[in-house]
Amino acid sequence: MSKVLKHHPALARLSAFEQAVLAVVRRVPRGRVTTYQELARAVGTPQAARAVGNALHKNPCAPAVPCHRVVKSDGALGGYGGGSPKKIALLSREGVQVRVGRVQQFGSVLFEF
DNA sequence: CTATTGACGACAT
DNA sequence: CATGTCGCCAATA
């Protein structure tokens with residue numbers, strides 16, 4: 001039985017905004033990606049793409065909460081707490097190919113809320 | 001309360 | 001196409 005994942009202790013220490021971001025990113029399916037900007041819109045603050053990135057940076061339970069499926073609005077990779085190589089590997093494992101720092105077939109793998 | 005920081009975005013160069 | 005600048009926002013010092 002997996003013991004974590006239901007309510008990670010560090011999760012309760014996050015702000016409402018940060019928790020909202022993590023809750024939403026959780027619905028991005030395997031093999032798809034979303035963007036910092038889309039997430040910002042989804043939580044009701046369309047201009048907070050940057051703040052969304054900061055929130056994801058604090059994700060205490062990655063990669064269970066799939067913050068690795070979040071990229072920049074132009075399809076560029078974006079950041080990752082565990083390092084770019086790790087993010088690329090996780091995506092690759094789900095069938096999302098990254099070439100020269102860009103998500104291939106960005107338009108078709110992009111998940112819209 | 002003000003200042004700084006950062007997994008961003010749009011635009012100019 | 002690559003890089004720099006500036007604006008935006010929430011968290012934190």
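Order of the sequence lines sets the chain letters (A, B, ...), proteins ahead of strands, with each chain counted from 1.
Rounded to an integer number of Å, the gap from CG of Leu91(A) to C1' of dA7(B) is 13 Å. If you measure from atom CD of Glu38(A) to atom C1' of dC8(B), you get 14 Å, rounded to the nearest angstrom. Following rounding to the nearest Å, Leu56(A) (CG) and dG9(B) (P) show an atom-to-atom distance of 11 Å. When the C1' atom of dG9(B) is taken as reference, atom CZ of Arg41(A) falls 10 Å away, rounded to whole Å. Here dC8(B) presents its C1' atom at 9 Å from CD of Gln37(A), a figure rounded to the nearest Å. Computed from coordinates, the Ile88(A) CD1 to dA7(B) P distance equals 17 Å when rounded to whole Å.
Residue Ser73(A) places at least one side-chain N or O closer than 4.0 Å to OP1 or OP2 of dA10(B).
Judged by distance alone, the side chains of Ser15(A) and Glu18(A) do bring a donor and an acceptor atom under 3.5 Å apart.
Under the 4.5 Å side-chain criterion, counting only non-hydrogen atoms from C-beta, Val98(A) is not in contact with Ser92(A). Between Phe106(A) and Asp74(A) there is no side-chain heavy-atom pair separated by less than 4.5 Å. Between Asn59(A) and Val21(A) there is no side-chain heavy-atom pair separated by less than 4.5 Å. The shortest side-chain heavy-atom distance between Glu38(A) and Thr35(A) falls under the 4.5 Å cut-off. Annotation: side chain of Pro60(A) is in contact with side chain of Leu14(A) (closest heavy-atom distance under 4.5 Å).
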Below 3.5 Å is the cut-off: list the nitrogen or oxygen pairs between protein and nucleotides 2-5 of chain B, distance only.
none

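Between Val109(A) and Gln104(A), the shortest heavy-atom contact is CG2-O, 4.2 Å.
Glu94(A) and Arg69(A) are joined by a salt bridge, as a carboxylate oxygen and a charged side-chain nitrogen come within less than 4.0 angstrom of each other.
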I'd like to know whether Tyr80(A) forms a side-chain contact (heavy atoms from CB on, under 4.5 Å) with Leu91(A), so could you lay out the CA-CA distance, the side-chain angles of the two residues, the decisive distance to 0.1 Å, and finally the verdict. CA-CA 12 Å; Tyr80(A) 191 64; Leu91(A) 288 173; over 6 Å; no
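Here the range on DNA chain C touched by chain A, meaning any atom under 4.0 Å from one of its heavy atoms, is dG7(C) to dT12(C).
Listed nucleotides: dG9(B), dA7(B), dG6(B). Nearest to the side chain of Ala51(A): dG6(B).
If you check every strand for non-hydrogen atoms under 4.0 Å, Tyr36(A) touches a base.
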